[in-house]
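Below is one structure, written out as structure tokens, with a few remarks after it.
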Protein chains: 2
Amino acid sequence: MARKQGSHSEITGPKVLDTALRLIARHGYAAVSMRQIAAEVGVQAGALYNYTADKQSLLFDLMQSHMTELQAALGAADLRGDPVARLDGFTRFHIRFHLPRSDQVFVSYMELRNLSPQNFATIEAMRREYEATLENVLRDGVGQGVFTVPDTRIATMAIIAMLTGLSNWYREGGRLGMAEIEDIYCNLVQKSVSR
Amino acid sequence: MARKQGSHSEITGPKVLDTALRLIARHGYAAVSMRQIAAEVGVQAGALYNYTADKQSLLFDLMQSHMTELQAALGAADLRGDPVARLDGFTRFHIRFHLPRSDQVFVSYMELRNLSPQNFATIEAMRREYEATLENVLRDGVGQGVFTVPDTRIATMAIIAMLTGLSNWYREGGRLGMAEIEDIYCNLVQKSVSR
DNA sequence: GTCTATAGCGGGATAGAC
DNA sequence: GTCTATCCCGCTATAGAC
């Protein structure tokens, strides 16, 4: 029997984060109020403060857990072989990880401005670590003569931007499935750094 | 002699838009208040409403004039020749137009959510028109057998994302000048669609 | 753990004097 | 065209009852 009042911590906790993620992705951090989040969760605004110190922490937690999951998944993926295989592996990994997480991607790339300076520094460092993975692949490929890249740093940023942009327009159930998308992007990426 | 009160329309009008652009680019539309804009302009909040119907119109005007200038500049640029030359031309045009306008780019791509549905539709239509320019180049190149692209629509989105991402990290006076950036991106773009 | 109530502040927008 | 003053509303966060 549903209760209107009482103890729901095991349900409410995750629900707060899920709801905040969805609302912030849709309307933006500054435009979403704690009251709005509470209403969707099904509690009063005050109750949210049992789960978060303040609104800023809510945003930071969302972005940090996204980056933590990303790093964990990247560690679990084995990107081995020659640079060509590793570049394909990275491209497919990036797409598989990010495509089913469009809200997280949106928040993580649009709300950086709204992090406190300290929180921003933390997230930024994690992001740079991820980018370094790709840059290492490119550098190794250039070193071995299988890639020709005018500037590995720029090529890294260009490829990441290309891949991340995908999340802005891809919609599940659209013209192309994820497997086809992967193939298409592997082709574009691979050629862009080819000799 | 500076006046604190009186008629300033010729100065204040543009100043409102300039200030709003800068503040919104930095902090986001929802996070910037009319009082804040007024303070930077040097007037009281009420005076802003001599220049804009409301806050939403301010955002829309900024985005619309950005897109109008983009279309005018694109019309003035002559992208002629074979598809390879036209693709280079488009790449250089995009970079030259967008790099010196980082605030406009930021606002135009980050604040789409905060447009009213009607305003969104207007801006979106202009954006699609711009994308169509690139897609036509790619399609012609594929038709003439000089490009090999798995899917022209996706390649268009991928290239636009790659180029637009540039505005997120490029800083004037950095390691590379605009001319070098142009060359590097032309190389990446051209190869990504090559045979 | 959630509720109600509220403190304290700042938001967009308008009215009317100058 | 700008000012001052204000309306009305919503915001974050806290306090204390249950």
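Every chain is numbered from 1 and lettered A, B, ... according to where its sequence line falls, protein lines coming before strand lines.
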Donor-acceptor pairs under 3.5 Å, side chain of residues 20-28 of chain A to any protein atom, not counting sequence neighbours: which ones?
residue: A:R22; atom: NH1; partner: A:E40; partner atom: OE1; Å: 3.2
residue: A:R22; atom: NH2; partner: A:E40; partner atom: OE1; Å: 3.3

Test: ring-ring contact (aromatic ring centres under 6.0 Å, His included). Region: residues 113-132 of chain A. Which pairs qualify, not counting sequence neighbours?
A:F90-A:Y130, A:H94-A:Y130
Strictly below 4.0 Å, heavy-atom distances to any atom of DNA chain C: list the hits from residues 17-35 of chain B, or just say none.
B:V32, B:S33, B:M34, B:R35
Is there a side-chain contact between A:T12 and the phosphate of C:dT2, meaning an N or O under 4.0 Å from OP1 or OP2?
yes
Which residue pairs pass the salt bridge (Lys or Arg N to Asp or Glu O under 4.0 Å) test with at least one member in residues 112-122 of chain B, sequence neighbours excluded?
A:E111-B:R113
Taking only heavy atoms on the protein side, list every residue of residues 113-122 of chain B lying under 4.0 Å from any atom of DNA chain C, sorted numerically.
none
Separation of B:L48 atom CG from C:dT14 atom P, in whole Å?
13 Å
May I ask you to verify if any side-chain N or O of B:Q44 is less than 4.0 angstrom from the OP1 or OP2 atom of D:dT2?
no
note: A:K15, atom NZ; C:dG1, atom P; distance rounded to Å ~ 16 Å
DNA chain C contacts among residues 51-62 of chain B, heavy-atom distance under 4.0 Å
B:D54, B:K55
Whole angstrom is fine here: how far is it from OH in B:Y49 over to C1' in C:dG16?
17 Å
Under the 3.5 angstrom rule, does the side chain of B:N136 hit a backbone N or O of B:A132 as a donor-acceptor pair?
yes
